[in-house]
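For clarity, every value in this text was computed on a predicted model and none was experimentally measured. All ligand and atom numbering here is 1-based and tracks the order in the structure.
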Amino acid sequence: MWGIIATWRMALEGVAASATALAAGKAAAGAVVDAVAAVEDFPFYKSVGYGGLPTENGEVELDAAFMDGDTLAFGAVGNLVDIANPVRVAHALSRQRYNSVLVGQGAREWALSQGFAAKAMLTERAMQHYRKRCRETLDKGLSPYDGHDTVGIIGLDCHHSMSVATSTSGLFMKKRGRLGDSPIIGSGFYCDSETGAATATGVGEDLMKGCTSYEIVRRMAQGMTPQQAADSVVCELEDKLMSRFGRAGDLSVVCMNRNGEFGAATNIKTFSFVVATASQPLTVFRAERIREKTHYQPVDDEWMQAYAARIRAPIEE
Ligand code: SD4
């Protein structure tokens, strides 16, 4: 058995290549890192890697993580500036016995010392979004904190190993130095090859309150199916946040167990995910929650075309 599942449509091309590689016997670790790196490299995805949207200071600060479900080794970077592939730095850090989570200047210095390439990650298109948002916020008092899609990818290989990786530019207009859930183990990602893995996307400040990914893996270990674990964790966290905190941000997750069974849950209308396994051909699904349960169906051609047009549409400043 092999399998791969990822948050959001944007992971499709990377997942497609890694699904082929997994089917041919490639290890899960390399498969998820390569798939995430493909998303980081694509300039039109404005919430991950090159082309990611900046902080309120107009700088692109990137977060990424990697976890090996065999050894539980993990590495993460936060607020990394101008390094081409944060996920590859996180993967390299996961091999360090100590200092496997690095942020800011220290993360950048370490990456450069290891030969990772420097690259200016702020694009003109991202700056157009930034200028537009600055103006709208001044004019209409909009909340700047939206426009976020973290990529999180779980892989299961033919040798029963699992890995997970995440990458994001975090929330648009975030404060310099702000970290979300994506580089935080247990919140944005968790992976244990004996059970399964989970990864999250949405408002990091809220996802972290539920240690969301760890909790999903824990419930799978106790016997829940991936879908039950995903739905119950997202619903309970949302209810808890509403009753105790008064509001709940976007919460979306995907997960997979060691048998390649998968689940997805969301509290928003437009969550998409991509999955392929030995028994499930590569598919983009669109998930929606109806009464405590997430339902999903394959997207159609029209949806795919609208997506392709939207991500490349000119930005009216
Ligand atoms: C964060 N969770 O930095 C990330 C953003 C995200 O979909 O996933 N957006 O809080």
### Query
Which atoms of ligand 1 have any heavy atom of D181 under 4.0 Å away?
1 (C), 2 (N), 4 (C), 10 (O)
#### Entry: Interfacing atoms of ligand 1 (cut-off 4.0 Å, heavy-atom, T201)
6 (C), 7 (O), 8 (O), 9 (N)
### Query
Got an N/O contact under 3.5 Å between G202 and ligand 1?
yes
### Query
Counting from 1, what ligand 1 atoms have a heavy atom of D149 closer than 4.0 Å?
7 (O), 9 (N)
### Query
Counting from 1, what ligand 1 atoms have a heavy atom of S182 closer than 4.0 Å?
2 (N), 4 (C)
### Query
Does some non-hydrogen atom of R178 fall short of 4.0 Å from ligand 1?
yes
### Query
For ligand 1, which atoms sit closer than 4.0 Å to a heavy atom of T150?
2 (N), 4 (C), 5 (C), 6 (C), 7 (O), 8 (O), 9 (N)
### Query
If you round to the nearest 0.5 Å, how far is OG1 of T55 from CE of M173?
8.5 Å
### Message
In terms of relative ring orientation, are Y307 and Y45 parallel, tilted or perpendicular, with 30° and 60° separating the classes?
### Response
tilted
Could you pull out all donor-acceptor pairs under 3.5 Å where a side-chain atom in residues 23-35 meets a protein atom, sequence neighbours excluded?
from, atom 1, to, atom 2, distance (Å)
K26, NZ, D34, OD2, 2.8
D34, OD1, R88, NH1, 3.1
D34, OD1, R88, NH2, 3.3

### Query
Run the side chain to side chain donor-acceptor pair (under 3.5 Å) check on Q227 and D231 step by step: do they pass?
CA-CA 6 Å; Q227 189 56 44; D231 263 331; 3.0 Å; yes
### Query
Does any N or O atom in G204 lie less than 3.5 angstrom from one in ligand 1, N or O only?
yes
### Message
Checking side chain to side chain contact (heavy atoms under 4.5 Å, CB included) between T150 and each of S182, S167, S252, which is the one that passes?
### Response
S182
### Pairwise side-chain contact, V77 with L62, heavy-atom cut-off 4.5 Å (strictly under)
no
